[in-house]
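The shown structure was predicted, so the numbers you read here are calculated from the model rather than taken from an experiment. So that the names make sense, note that chain A is the first sequence line, chain B the second, and so on, each numbered from 1.
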2 protein chains.
Amino acid sequence: MTPTAVDQVLELVSLLQRDMALSFERDGLTEARAHLLWVLRDGPVTQRHLADALGVTPRNITGLVDGLVDSGHVVRRRHPTDRRATHVDLTPEGRRVTDAMVEGYADMHDVLFGGLSARQLAAFRRTLDSVLGRLRVRLEEEWG
Amino acid sequence: MTPTAVDQVLELVSLLQRDMALSFERDGLTEARAHLLWVLRDGPVTQRHLADALGVTPRNITGLVDGLVDSGHVVRRRHPTDRRATHVDLTPEGRRVTDAMVEGYADMHDVLFGGLSARQLAAFRRTLDSVLGRLRVRLEEEWG
DNA sequence: TCATATTGTGAAGTTACTACATGATGTAGA
DNA sequence: TCTACATCATGTAGTAACTTCACAATATGA
């Protein structure tokens, strides 16, 4: 059976997930922890902020940060003004990992689009943009 | 910041995942259970077969099937020839859900590609095919 | 100052996974 | 036919990512 367009898109999703999961694993990370680290690239933030950024409960962030503290990627610091809050920041090791992630981001461009002409890539991006637009609308309408 | 091509692709992944997760949730399913049900569309199979199809350990299948038996989507039957094995099959309720999933698959085509001309869709699919090819190669090379 | 909201975490529970061990059964060979 | 070996499902035990609920400490606004 030749794959449908939806098949193709779902395979893309599947392959990308697998690729990223393997890449994270190489750094001793899980997807959730890698995601958290990614948010910390731009500087220390509050756990509450992380919860909002990752779309999970604050309680869950406590656990993820615990793990990343144990693995040496992250430290908890006193928030400069709010004594209730904690600032989570990257350690040098954490910074090394996020730097590698940024590089991997660039590599991914080459892997995905390296074989395409500028013209073809531009057309692909335009179409993708329209697809994303419809998908966003659908999510908004269907699930609020 | 305007999104990069990689950003666009990753947003697609993220939105599709969210959309599917929400859709499964509406049927009282998780992603793992929905995936298992999907495999059962074509008729009863062995738990071992499910393990290979989902790429997880047989032990994990035992747990997933337990859950789906409890929720009434699936039954365990005696394997017709191999007394070691179990045949897992859809209940009428399970069939109803997989039928709905098939329909959702068709809906997804409309959501994603409804606004595209035949020409544009064909070009998109060609590009996607080349992207998938490179991605497959990279997965193979990098991770075996 | 006093009521109310917010931050992070303990306690308890669910789901999806893993590895390892084991009993029951299938299968191929001497 | 008996014996070795492989295979199927599952018990046990453990991890990671999540949830809700309760609570103590702290901020904030009237």
Donor-acceptor pairs are to be reported for all side-chain atoms of residues 68-76 of chain B against protein atoms at under 3.5 Å, with residues two or more places apart or in another chain.
from, atom 1, to, atom 2, distance (Å)
Ser71(B), OG, Gly67(B), O, 3.2
Ser71(B), OG, Leu68(B), O, 3.2
Ser71(B), OG, His73(B), ND1, 2.7
Arg76(B), NH1, Gln47(B), OE1, 2.6
Arg76(B), NH2, Asp66(B), OD1, 2.1

In residues 101-115 of chain B, what donor-acceptor pairs under 3.5 Å come from side-chain atoms, sequence neighbours left out?
from, atom 1, to, atom 2, distance (Å)
Tyr105(B), OH, Asp7(A), OD1, 2.1

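Within the 4.0 angstrom heavy-atom criterion, base atoms lie near Thr62(A).
Heavy atoms only, all atoms of each residue included: Ala32(A) and Leu54(A) are closest at O-CD1, 4.2 Å.
Checked against salt bridge (Lys or Arg N to Asp or Glu O under 4.0 Å), Asp89(A) has the following partners two or more places apart in sequence or in another chain: Arg77(A). Among residues two or more places apart in sequence or in another chain, the salt bridge (Lys or Arg N to Asp or Glu O under 4.0 Å) test is passed with Glu142(B) by Arg26(A). Listed by chain and number, the residues in a salt bridge (Lys or Arg N to Asp or Glu O under 4.0 Å) with Arg83(B) amount to none (sequence neighbours excluded). For His79(A), the ring pair (Phe, Tyr, Trp, His ring centres under 6.0 Å) test picks out His87(A), with sequence neighbours left out. Not counting sequence neighbours, the partners of Arg136(B) by the salt bridge (Lys or Arg N to Asp or Glu O under 4.0 Å) test are Glu11(A).
Whole-Å rounding puts the Leu68(A) CG to dA16(D) P distance at 11 Å.
Against DNA chain D, the stretch residues 10-24 of chain A makes no heavy-atom approach under 4.0 Å. Less than 4.0 Å separates DNA chain D from at least one heavy atom of each of the following residues of residues 44-52 of chain B: Thr46(B), Gln47(B), Arg48(B).
The main-chain N or O of Gly94(A) is found under 3.5 Å from a side-chain atom of Thr91(A) such that the two form a donor-acceptor pair.
Proximity of Arg33(B) to Thr30(B): side-chain heavy atoms (C-beta onward) are separated by under 4.5 Å at one or more points. For the pair Leu50(A)/Val88(A), a side-chain contact is recorded, criterion being any heavy-atom separation below 4.5 Å from C-beta on. In this structure, Arg125(B) and Leu121(B) have side chains that are in contact, with non-hydrogen atoms separated by less than 4.5 Å. At least one side-chain heavy atom of Leu22(A) sits under 4.5 Å from a side-chain heavy atom of Arg18(A). Looking at Thr98(A) and Leu40(A), their side chains never come closer than 4.5 Å, going by heavy atoms from C-beta outward. Thr46(B) is not listed as a side-chain neighbour of Thr86(B), based on a closest heavy-atom distance of 4.5 Å or more.
With a cutoff of under 4.0 Å to any heavy atom of chain B, the contacted region of DNA chain C is bounded 5' to 3' by dT15(C) to dG26(C).
Direction change of the helix axis from one end of the helix from dT1(C)-dA30(D) to dA30(C)-dT1(D) to the other is 10°, with five pairs defining each end axis (rounded to 10°).
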Return a single string for nucleotides 18-30 of chain D, one symbol per nucleotide in 5' to 3' order, where B is base contact, S is sugar-phosphate-only contact and - is none, cutoff 4.0 angstrom on heavy atoms. BBB----BBS---
